[in-house]
Every structure is written in structure tokens, then in C-alpha cells.
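This report refers to the structure that appears directly beneath it.
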Amino acid sequence: MRKFLSITLILSACLLVSAQKIEIKPYLQDANPTSITIMWQTDSGDESIVEWGTTPKLKNKTKGESFDINFTDARVHSVTLTGLKKFTEYYYRVKTGKAKSDIYQFKTPPFAEDKESFSLVAMSDMQYDHNNPDKFGEIVNDGILAYLNEEFDGSVPENLAMVLIPGDLVENGTKYEQWQNHFFNPAEKLFSEVPVYPAVGNHEGNSIFYFKYFSLPKNGSPEYAEHWWYKDYGNTRILGLDSNKGYRDIRQQLEWLDKVLKETASNEDIDFVFAQMHHPHKSELWIPGEEDFSGKVVERLETFTEDSGKPSIHFFGHTHGYSRGQSKDHKHLWINVASAGGAIDNWGEFEGRDYDEFTVTQDEYGFVMVEVDPNNGDPKFTVKRISQGNRVNPRDNELTDSITVWKYSKEPLAPNPLAPLKDKVNPGKVVLKASAFKSDRRDAFHAASNWQISTSPDFNKPIVDNWKQFENWYYKENRQADDDLTDEKIYRLLRDNTQYYWRVRYRDQNLNWSPWSETATFTTTERVD
């Protein structure tokens, strides 16, 4: 009888092991030049093993830990591989009992001194849309993976370093089943070979599932682990921030950001800073989504760039569309990287506004590619919007916007003021005119003009400070289409019988401003309408 019971128990255990199933395929976290974390989920079983090596023979084996995810038999597994070689491709598979994954690949990051180029993807707001339930899978498979296959030779890990997601990964972060079905499964071919780094959005609901499913850098404020953090890849520092209610007003986050930016400014290994947070400071498609906290972050990034000379970006979502803007006085980009699945915020559907900062806004699905190049001592990055269009105007991985920013400025030549020059003019209609754009950079072109008028030659308080860009796509129309940027009309802003000073500067498409022109003057007469 005792022997029979023993055999029964053994058979039951074997059946239990054979029934184990990988529910969420392995995905990569927190990659460093010499280490990486691999996570996955099974329906049962505590065994957490990664077999790995530099060839598919997988000669190494590393054990990790597992933990409960939803008070069921399901387990999340986490294994950290150490002792890896920098900028090296590895093969791996995961194992829990008799459940084994396929063999996948990953590539470790370089150190900054290695001066290696790399690319990353930024996308957001892939929360489930009941009217278009397969869209996130399409963005990943027909979008990102198809684009990489078309544009590059070699494997996915060779050509893509990381995936950034500034929030709204699922429709409701407190619903356990959405994480598997709506986020991880549609992206399994990407996340199994490229590390993913999210920033928490409002749809996550501060859920415990978010913090269990991700192993983000633990270098933020200790009492708010994984709410904010940073990750270095080569010469670029990535910041993850929490712009959600309950965290945007916590002083520790901005104090931490100030400290990190101060250290980054003096860190000779870092050329660029890319921050990601969910909520926009300004949004042309959806004004109600704006948050003052994000403006405080933007101000800090602008100051950092001004003081350090290191260009920066803030990626955001929340508004379901793409926008690309740039700060007026700094090499700082504003990039809305949505929508990767959530229903589009269509033009005219919500309250919007044409902001000076934004050059392009599109109510379309898609993702953003960023290519970073150390460039032999002249570092640069290029941002590309790859669009999937919308239902009215579908696109197939179409490049709809692009900008390149160099770390070091190559300024255009200062323009010359042409008119008015010591003239007397009607204050009701003043037209400022300057010379054509010139630059020593061969491919530079005239991308923006900044006109100022003041009652004093120091321009401390200009009464006119107009900033115009060579294109302004708003509501599917380029509102700057017929402006060559060499003149500016001023109506009904000036007083009669007053002397004024004016000047202008030009900007190229790489965010380099020229010096200001020489100061010119004019005097107004009695107003004639």
C-alpha cells in the first residue's frame, strides 16, 4: 500500500511538471555591458533557469527566483546573467520544469568609451482598443520588426538596443489578464530580444502588477523604487519619470532629477539625455491632457542643455498621436510617440491649440526610431517618425518626419537687417526684412527665424518676440507653407512717434541658432489705417 501511494505521488508530480506552460514568453530587462535580467511567466512551478551562451549550444546555466503574481499557481521568473562581455551577442532559452522556451538572442550594451552607434524605439499608449484590438500587435510585427528587416542587415538585437514606452501599456493595469493578453503576448517577438523600459502611465493605475512585471533600475529615490530611474546606453542617459497624480507633486522626484542632471552635466561619458514621462507639457491634439509637472521637467532639461551643451529630448504620450517640437532657445526636442494601439485622438475631436514649439502633429498610429551616432568626436542623433497612418489614410511604415541634432553647434551666419533702417514708418503696418539665410554647413537650410522689437537697445524686455518655423503642420495643413522666413509683418503693436530697435536671428534644421543680427532702428509716425 505504501509503495502504491509513493508511485501515485511520483506520477502526480510528473503530471504536474508536464502540465507546466510558459504563459508569457521571456522578455529582457535592465541590460548592462556585463549583465542582463530575463523574465517570464509560467502557469506553475518555481524552477527558474536560463541556459545561455555565445552560440546556440548554450553551454552555461544560471538559476534565479520566482514569485507569485496573482495569488494563483502562476509564477513570474527572474534570472540575472552576470559575467557577460560588452557589446556581444548571446543566445538563451528559459526553463521551468519541462517547460522550455525557444532559443532567442540578445546583445549586451557597449561602454561609452567604445563609441558605438545604436538605435532605439520609442512608442506609447498601446492600451487595448476594443474597436481595433490587434493594433498593438500590428505596430510591433508589421511595424517595428518589418521596418528593421527592411532597413538593416542582421538580427533584431544587432540593430535595436532598447524599447522605451512612456506609459499606458494596458487599458487597466489592475486587471491581471490584460498584461499577458494585451501587452506581453502581442510584443513577444520584440521583447524576447530587445530590453524594454517603460515609464508608468495613468492607465497602469499604480498597479502592483506593473512593479512585479518589470525589473527597472533601482537608482531612483529609495522610497519610490522604479517610479523614476535612469539607464545608460553608450553615450546616452535615459531617464524614466512618473508624471501621474500622487507622484508628480512629490518633491523627491524633482530633487532626484536635479541631482542626476547635475551629475550628468559633468559626466564626460554622456553626450545626450533622453527623458520619458507619460503626460505632455503641451499637446496640440488634446489640451486637457497637459500637466504642469511636465513643464517643470522640461524647464530642467532646457537648463541642463543650456549649461552643459548636451542636447536632450523628452518623450511623452497620453495624447494619441504624433507630435515633434523643439524648445525655442535650447537644443531640446519634444516628441509625442503615440499611438501604438490606443484609439487615435483625431483632429477636431478634442480641444487643441497651435503651439509655437511644434513643427509637426499627426493623428496617426506609429512609432519613433532614434539613431545615436558618436560620429568620431562630433556626436549626433536622428529622430524618425515611422507612421502606420490611420483608418482614413493608412500608411505602410512611411517616414513622415525626421530631424538630426548634433551635440556641437555649427552656427549659421548672422543675417543682415535690410529694412527698415532709420526709417519713419506707419505703426499700423511694419514689415521687417532681413538678408537670405547663409551657413558654412553645406546641407543646412533656413528652418526658423526669431524677430525682436524693443524700445531699448538691450532687448531686456522686447515688446515683440516672434518665432516662426519653416513648417507648421497643424490640422493637416502646413501653416508656414508660403513663408520664406526673411520678413515679418507687425500689426497694431507699436505706439505712434516712438523710436524702436529691432534684430533677427536664423536657425537651421539641426537646432543651431545664428548670432543675432546687428541692431537696426526705425521711428514710427502718426498711425494711418
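Heavy atoms only: backbone and side chains are in, while hydrogens, waters and symmetry mates are out.
Within the structure, the ring-ring contact (aromatic ring centres under 6.0 Å, His included) test picks out the following pairs touching residues 419-439 (sequence neighbours left out): Phe437-His446. Among residues at least two apart or in separate chains, there is no salt bridge (charged side-chain N to carboxylate O under 4.0 Å, His left out) pair with a member in residues 436-462.
No side-chain donor-acceptor contact under 3.5 Å links Gln499 to the backbone of Phe522. With hydrogens and angles ignored, the 3.5 Å screen pairs no side-chain donor or acceptor of Gln362 with any backbone N or O of Ser323. With hydrogens and angles disregarded, no donor-acceptor distance shorter than 3.5 Å links the side chain of Thr521 to the backbone of Tyr501. Judged by distance alone, the side chain of Asn141 and the main-chain N or O of Ala146 form no donor-acceptor pair under 3.5 Å. For Asp168 (side chain) and Asn202 (main-chain N/O), a donor-acceptor pair under 3.5 Å exists by modelled atom type. Proximity of a side-chain donor or acceptor of His203 to a complementary backbone N or O of Glu171 within less than 3.5 Å is detected. Judged by distance alone, the side chain of Asn159 and the main-chain N or O of Leu148 form no donor-acceptor pair under 3.5 Å. The main-chain N or O of Val425 is never found under 3.5 Å from a side-chain atom of Asp423 such that the two would form a donor-acceptor pair. For the pair Thr523 (side chain) and Thr498 (backbone), a donor-acceptor distance under 3.5 Å is absent. Judged by distance alone, the side chain of Glu351 and the main-chain N or O of Pro288 form no donor-acceptor pair under 3.5 Å.
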Legend entry - Stepwise side-chain contact (heavy atoms from CB on, under 4.5 Å) check, Phe87 with Glu116: CA-CA 9 Å; Phe87 212 55; Glu116 295 286 353; 3.3 Å; yes

Inset, instruction - Could you walk me through whether Trp334 and Ser327 pass the side-chain contact (heavy atoms from CB on, under 4.5 Å) test, one step at a time? - result: CA-CA 8 Å; Trp334 311 34; Ser327 296; 2.9 Å; yes

Legend entry - Audit row: Lys310, Asp271, salt bridge (charged side-chain N to carboxylate O under 4.0 Å, His left out) steps and yes/no: CA-CA 6 Å; Lys310 301 179 181 185; Asp271 294 319; over 6 Å; no

Inset, instruction - With side-chain hydrogen bond (donor to acceptor under 3.5 Å, both in side chains) as the test, would you mind laying out the steps for Thr361 and Glu284 before giving the verdict? - result: CA-CA 7 Å; Thr361 293; Glu284 291 197 327; 2.6 Å; yes

Inset, instruction - Let me see the working for Arg385 and Met369 under side-chain contact (heavy atoms from CB on, under 4.5 Å), right down to the final yes or no. - result: CA-CA 7 Å; Arg385 173 61 170 186; Met369 290 285 299; over 6 Å; no

Legend entry - Pair Arg300-Asp258, salt bridge (charged side-chain N to carboxylate O under 4.0 Å, His left out): steps then yes or no: CA-CA 7 Å; Arg300 284 164 166 80; Asp258 289 337; 2.8 Å; yes

Legend entry - Working for side-chain hydrogen bond (donor to acceptor under 3.5 Å, both in side chains), residues Thr524 and Asp496: CA-CA 5 Å; Thr524 55; Asp496 296 357; 5.6 Å; no

Legend entry - Residue pair Met126, Val140: steps toward the side-chain contact (heavy atoms from CB on, under 4.5 Å) verdict: CA-CA 10 Å; Met126 58 280 299; Val140 171; over 6 Å; no

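Arg237 has a carboxylate O that lies under 4.0 Å from a charged side-chain N of Asp232, or vice versa, which qualifies the two as a salt bridge. Salt-bridge annotation for Asp483 and Lys468: absent, with no side-chain N of the basic residue lying under 4.0 Å from a carboxylate O of the acidic one. Salt-bridge check for Glu291 with Arg248: passed, with a basic side-chain N closer than 4.0 Å to an acidic carboxylate O. Remark: Lys328 engages Asp465 in a salt bridge, criterion side-chain N to carboxylate O under 4.0 Å. In this structure, Lys384 pairs ionically with Glu371, as a charged nitrogen and a carboxylate oxygen lie closer than 4.0 Å. Arg395 has a carboxylate O that lies under 4.0 Å from a charged side-chain N of Glu364, or vice versa, which qualifies the two as a salt bridge. Here Lys135 pairs with Glu138 in a salt bridge; the nearest charged N to carboxylate O distance falls below 4.0 Å.
Note: Leu190 CG to Leu160 CG = 6.5 Å, rounded to the nearest 0.5 Å. To the nearest 0.5 Å, the span separating CG on Asp396 from CD1 on Ile386 amounts to 11.0 Å. Going from atom CZ of Phe459 over to atom CH2 of Trp502 covers 9.5 Å, rounded to the nearest 0.5 Å. Note that CH2 of Trp228 is 13.0 Å distant from CG of Leu239, once rounded to the nearest 0.5 Å. Distance check, rounded to the nearest 0.5 Å: OG1 of Thr305 to NE2 of His330 gives 7.5 Å. Atom CG of Asn450 and atom CG of Asn466 lie 8.0 Å apart (nearest 0.5 Å).
Contact check for Phe315 versus Ile313: side-chain heavy atoms found under the 4.5 Å cut-off. Taking the side chain as every heavy atom from C-beta outward, His227 and Gln253 never approach each other to under 4.5 Å. Between Asn206 and Tyr247, the closest side-chain pair of non-hydrogen atoms falls below 4.5 Å. At least one side-chain heavy atom of Leu241 sits less than 4.5 Å from a side-chain heavy atom of Trp256. Using a 4.5 Å heavy-atom cutoff, the side chains of Ile403 and Leu333 are in contact. Residues Ser221 and Glu255 fail the side-chain proximity criterion, which asks for heavy atoms closer than 4.5 Å. Within the 4.5 Å cutoff, side-chain heavy atoms of Tyr230 are placed close to those of Asn219. In this structure, the side chains of Phe445 and Asp508 stay at 4.5 Å or more apart for every pair of heavy atoms.
When all heavy atoms of Tyr322 and Val368 are compared, the pair lying nearest together is CE1-CG2, 3.9 Å. The nearest pair of heavy atoms linking Leu261 to Val273 is CD2-CG1, 4.5 Å. Here the closest heavy-atom approach between residue Ser517 and residue Pro417 is recorded as CB-CD, 3.9 Å. When all heavy atoms of Asn235 and Pro379 are compared, the closest pair comes out as ND2-CB, 4.2 Å. When all heavy atoms of Ala338 and Asp125 are compared, the closest pair comes out as CB-OD1, 3.8 Å. Considering every non-hydrogen atom in both Phe358 and Lys282, the closest pair reads CZ-O, 3.6 Å.
Taking the ring centroids of Phe183 and Phe191, they lie under the 6.0 Å cut-off. No close placement of the Trp286 and His320 rings is indicated, their centers lying 6.0 Å or farther apart. Checked against a 6.0 Å centroid threshold, the rings of Phe214 and Tyr197 do not count as neighbours. In this structure, His318 has its ring center no closer than 6.0 Å to that of Phe316. When ring centroids are compared, Phe381 and Phe274 come within the 6.0 Å threshold.
Taking the six-membered ring where tryptophan is involved, the planes of His332 and His314 are essentially parallel, since the angle between them stays under 30° and well short of 60°.
Between the side chains of Arg324 and Gln326, a donor-acceptor pair is found at a separation under 3.5 Å.
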